[in-house]
Amino acid sequence: MARGTVRHLTNESSVTQHDDAPNEYDFTRIQEKWQARWDELRPFATDNPADTRPRKYVLDMFPYPSGDLHMGHAEAYALGDVVARYWRLQGFNVLHPIGWDSFGLPAENAAIKRGVDPRAWTYDNIEQQRQSMKRYGASFDWDRVLHTSDPEYYKWNQWLFLKLYEKGLAYRKASWVNWCTHDQTVLANEQVVDGRCERCDNVVVKKKLTQWYFKITDYADRLLDDLNQLEGSWPSKVIAMQRNWIGRSVGADVDFVIEGRAERVTVFTTRPDTLFGATFMVVAPDSDLAAELVADADDETKKNFAAYLEQVQKSTEIERQDATREKTGVPLGRVAINPVNGERIPVWAADYVLADYGHGAVMAVPAHDQRDLEFAIKFDLPVRVVVDTNAPVTGAIPVITPEMLEAGDLLPPDPVQTGEALAGEGRLMNSGPLDGLSKSNAIKRVIELLEEAGTGRAAKTYRLRDWLISRQRYWGTPIPILHTEDGREIPVEESALPVELPPSEGLDLQPKGASPLGAAEDWVNVTLPDGTAARRDPDTMDTFVDSSWYFLRFLNPNDDTQAFDPKEAEKWAPVDQYVGGVTHAILHLLYARFITKVLFDLGYVSFTEPFSALLNQGMVLMNGSAMSKSRGNIVRLSEQLDEHGVDAVRLTMAFAGPPEDDIDWADVSPAGSAKFLARAWRITGEVTSSPEVEWKGGDAALRRQTHRLLADAPGLVEGFKFNVVVARLMELVNAIRKTIDSGPGAGDPAVREAIEIVTKLLSLFAPYTADDMWERLGYEGSVATTTLRKADPTLLVEESVTAIVQVDGKVRDRFEVAPTIDTGALEILARGSDAVARAVGDREIVNVIVRAPKLVNIATKR
RNA sequence: GCUCCCGUAGCCCAAUCGGCAGAGGCAGCCGACUUAAAAUCGGCCGAGUCUGGGUUCGAGUCCCAGCGGGAGCACCA
């Protein structure tokens with residue numbers, strides 16, 4: 001078959017109106033024709049200040065320029081475009097921009113591999129993607145393109161960094177960080193997946209380094225609590241993942257005195273009620289606290305600790321996160337004193353306690369915590385039950401029943417025997433003043449006691465850690481800080497921004513654990529105004545900084561006086577509809593939310609959440625699994641576009657199923673989509689009525705169907721049921737076909753009305769075909785810039801409906817009735833039915849439910 | 001292990017408030033066109049909704065339990 005053409009037999013009568021126009025659906029011709037028109041018309045530019053239409057900001061997650069666009073991009077941009085085009089048809093002024101997230105490791109790694117400049121490699125890829133994107137026909141405003149690797153963009157990245165620095169939200173600290181052994185750079189917690197580097201899948205180890213952090217933990221409560229306002233507009237899955245990630249725990253801080261040490265050690269616990277059951281303390285071996293506690297110990301203890309620490313640090317994240325492995329640890333030879341009962345308990349170091357969570361130390365209550373129990377059993381430490389989990393609790397009050405007393409079996413099983421810690425509700429015991437209280441009451445009471453004694457307080461802690469933003473790589477935004485020899489940090493003046501990346505020429509980009517920029521002597525060495533020498537910070541920023549505010553830069557991408565114009569933000573932001581993959585459910589979205597809240601606090605924006613609504617599209621699979629080279633199941637987008645046309649591929653993406661579901665390309669039919677487009681397109685060549693024709697008088701059944709679609713379309717599109725909209729369009733095209741072939745014919749006004757509505761709605765999915773159809777229908781310009789009519793309510797009323805009559809839930813008869821029939825009339829009709837009488841037989845009718853005009857159900861005594 | 005989501009025709013998927021299980025597509029079959037085939041056009045066939053209970057006049061839809069699939073979290077004190 002000839003590429004680019006869906007052949008069909010020419011019907012002589014269909015040529016009458018457009019003798020000169022081609023009468024074959026040739027998508028290549030249509031694409032080329034309309035691409036040129038769009039370049040000329042700029043139908044999607046959003047730059048007219050006099051535009052008074054209401055506004056919508058529809059944003060697709062911008063792509064990373066690694067190679068050409070693939071099927072995943074195709075799906076995302078097809079779906080985002082449906083939403084953008086829909087709001088335009090509804091009369092909105094829609095901002096729908098596109099850009100490139102063009103800094104980052106893959107570009108640099110690829111550049112190293114090929115021995116080329118990362119800059120050249122990146123911009124070559126952008127150009128390729130830009131052309132593919134244009135061909136793909138998404139309704140972007142091409143005058144607002146940005147690239148995060150442009151100095152004009154990253155200048156404002158640096159500005160943002162300095163704003164955070166001024167607020168104390170950007171700081172440097174030495175700590176154990178995730179180190180990717182392959183990429184030779186640090187990773188944020190969020191970038192470590194199952195102990196491996198999210199990007200290259202290599203093993204991650206811990207390394208102690210001084211790094212830059214953003215203090216996202218200051219915003220933990222707001223990031224968590226504000227998720228409530230996104231409920232219903234964001235996928236619940238994403239909200240759950242974010243909640244989980246922030247991981248707020250509520251409990252208490254408890255101060256323990258350490259014998260022979262002036263300072264107390266504070267531990268965080270979610271179970272302060274079990275404080276009387278604490279039989280030892282555990283600190284993280286890699287914490288400063290452990291090192292300090294062991295410093296005064298005897299040589300044997302020190303030696304054991306040193307050996308243990310070395311072993312811990314050697315282990316990879318994968319080993320460390322294996323929850324099934326045996327507990328390990330060493331005693332530190334120190335004694336802690338329980339503040340509530342004065343009990344002396346030993347202090348151990350063990351790697352099941354994490355240095356950077358809570359205070360890096362825990363009170364171990366082995367009877368009621370599984371981890372502590374395993375440790376106690378392994379090292380033969382005492383276990384004391386302080387909550388009787390066999391005592392039921394009604395409300396907050398423990399209840400002991402006479403039966404229980406009689407059974408003499410009040411105590412729960414011994415955790416040491418069963419190996420199971422007693423985690424449940426119960427009644428406090430062995431706990432002095434807490435005895436007899438329920439768990440929740442005991443928590444309240446013990447916090448009061450601790451606060452009175454000054455040895456503890458209610459506390460919250462989070463799983464979320466501060467955001468590590470420095471990277472020891474070349475292709476990123478330089479951190480705008482100077483370091484003097486005496487260790488001072490000097491922020492670069494705002495007027496001196498951007499701190500431009502030096503050329504990569506002459507730099508060794510091979511990863512070696514330190515930033516390549518440190519070797520750019522001309523760049524890194526600077527002299528301060530007072531004559532002292534300083535060095536630029538050689539690290540670059542995590543690219544998630546770039547993408548945490550790009551949606552604001554789109555508002556005025558060429559403004560060189562500010563990052564974004566707050567007045568424009570007032571007009572357009574926050575983003576009304578954000579569209580992208582669920583892969584960014586945590587990282588990108590959390591960071592963007594954080595930065596938005598910071599900008600709110602700084603007074604730059606008036607909203608606290610960046611994305612009012614979120615749509616996650618699924619992945620495109622092939623034969624049940626993700627496409628990959630190793631599986632050899634890659635479907636090339638460019639080949640699909642060559643074979644079936646842009647519109648057919650886009651339509652297939654929308655029609656395949658709910659947007660959030662994965663699409664298996666083996667299950668769908670782009671050829672079927674092309675067939676449908678050709679059918680619809682062909683009809684526009686058969687219509688013989690003129691654009692000015694009066695609708696009324698047209699075929700009533702077809703008109704009703706058209707208006708039902710008009711009435712349903714908004715709800716369907718806004719509910720992201722794109723697949724249903726496409727199905728309804730197919731249905732309507734089938735109906736038009738019938739009306740032409742075996743009904744009133746191609747000249748009927750209802751045919752024109754129907755195909756015009758099809759054309760408008762089809763433009764959401766198949767913009768090239770729709771614009772060509774629009775022209776064939778006798779109009780000029782792009783159908784995408786028209787608006788959609790409202791349904792005529794008089795046409796939505798059915799002339800008659802089918803009422804069904806059930807007997808005991810089974811359908812026994814049906815009638816054609818007026819939609820306005822009342823309950824009594826319908827019941828009389830139903831009771832008069834022979835079929836119903838036969839079904840009822842001689843049984844007694846006990847109930848008749850009437851739901852006029854659609855249903856009667858007669859229940860009989862059985 | 002914990003949490004969440006999903007199981008409807010051979011396949012992908014629809015089904016407003018609980019009210020006739022089917023909108024659409026793919027595949028299949030039949031017919032038209034063709035010397036023939038492909039393509040195209042027209043038509044047809046096709047589940048009783050994963051299983052077992054429950055609520056209800058009535059359950060794909062609500063509740064409980066199980067099975068199957070997917071996702072997230074997982075030594076976070």
Side-chain angles (χ1 to χ4, degrees), chain A residues 1-2 5-11 194 235-245 247-249 251 267-272 274 282 284 320-325 327 350-354 356-365 368-372 374-375 461-465 582 585-586 651-652 655-658 660-664 666-669 671-673 675-676 678-679 682 712 715 719 721 723-734 737-738 741-742 802-812 814 845-851 854-860:
Chain A
M1 155 182 151
T5 302
V6 176
R7 290 173 186 277
H8 69 101
L9 295 171
T10 304
N11 176 341
D194 292 332
S236 49
K237 184 168 121 178
V238 174
I239 293 178
M241 284 165 74
Q242 294 236 341
R243 287 210 174 104
N244 222 327
W245 189 262
R248 180 162 64 197
S249 294
V267 302
F268 174 77
T269 176
T270 55
R271 292 294 305 273
T274 63
V282 186
R320 207 192 58 72
Q321 288 180 5
D322 177 8
T324 62
R325 93 200 151 104
K327 292 281 178 290
D351 69 352
Y352 78 90
V353 172
L354 309 177
D356 57 356
Y357 185 78
H359 305 286
V362 302
M363 64 179 217
V365 185
H368 303 288
D369 182 283
Q370 190 60 33
R371 297 153 299 179
D372 295 342
E374 286 164 19
F375 194 81
T461 190
Y462 305 86
R463 213 186 79 106
L464 180 71
R465 310 297 154 84
V582 73
I586 299 173
L651 188 72
T652 302
F655 184 53
E660 59 274 15
D661 286 6
D662 290 344
I663 299 172
D664 193 326
D667 289 337
V668 296
S669 173
S673 299
K675 199 165 81 177
F676 165 69
R679 271 162 67 79
R682 219 172 291 129
D712 293 347
K721 291 168 178 282
N723 53 329
V724 181
V725 178
V726 176
R728 295 284 296 273
L729 284 170
M730 291 173 168
E731 200 181 357
L732 187 52
V733 166
N734 290 345
R737 184 80 262 156
K738 280 207 182 80
D741 291 349
S742 47
T802 306
I804 58 157
V805 185
Q806 301 175 328
V807 176
D808 294 325
K810 287 202 176 63
V811 180
R812 297 300 184 186
R814 56 192 69 206
I845 293 174
V846 292
N847 197 4
V848 179
I849 288 96
V850 185
R851 294 281 178 273
K854 293 183 75 175
L855 173 131
V856 179
N857 190 11
I858 297 170
T860 66

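Chain identifiers are assigned alphabetically (A, B, ...) following the order of the sequence lines, protein sequences preceding nucleic acid strands; residue numbering begins at 1 within each chain.
Side chain of Lys675(A), nearest nucleotide from C41(B), A77(B), G24(B): C41(B). Taking only side-chain atoms of Met730(A), from C-beta outward, the nucleotide of C73(B), C26(B), G25(B) with the closest atom is G25(B).
Under 4.0 Å is where a charged nitrogen must lie from a carboxylate oxygen, and between Asp369(A) and Arg271(A) no such pair does.
Here the P atom of nucleotide C6(B) and the CD atom of Glu660(A) are 10 Å apart, to the nearest Å. Separating the CD atom of Gln806(A) from the C1' atom of U56(B) is a distance of 13 Å, rounded to the nearest angstrom. One atom, OH of Tyr357(A), and another, C1' of A77(B), lie 7 Å apart when rounded to the nearest Å.
Residues satisfying the side chain to side chain donor-acceptor pair (under 3.5 Å) test with Arg851(A), not counting sequence neighbours, are none.
Note on Arg851(A): every side-chain N or O is 4.0 Å or more away from OP1 and OP2 of C20(B).
If you check distances only, the side chain of Asn857(A) does reach the base of C57(B) with a donor-acceptor pair under 3.5 Å.
Look at C26(B): its glycosidic torsion is beyond 90° from 0, and that puts it in the anti range.
With 3.5 Å as the limit, one finds no donor-acceptor pair spanning the side chains of Ser249(A) and Thr270(A).
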Check the interface with nucleotides 13-16 of chain B: list each N/O to N/O pair with the protein under 3.5 Å, or write none.
unit_1: C13(B); atom_1: O3'; unit_2: Asn723(A); atom_2: ND2; d: 3.4
unit_1: A15(B); atom_1: OP1; unit_2: Lys721(A); atom_2: NZ; d: 3.2

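Pairing for G72(B) is with C2(B), a Watson-Crick or G-U wobble pair whose two hydrogen-bonding atom distances lie under 3.5 Å.
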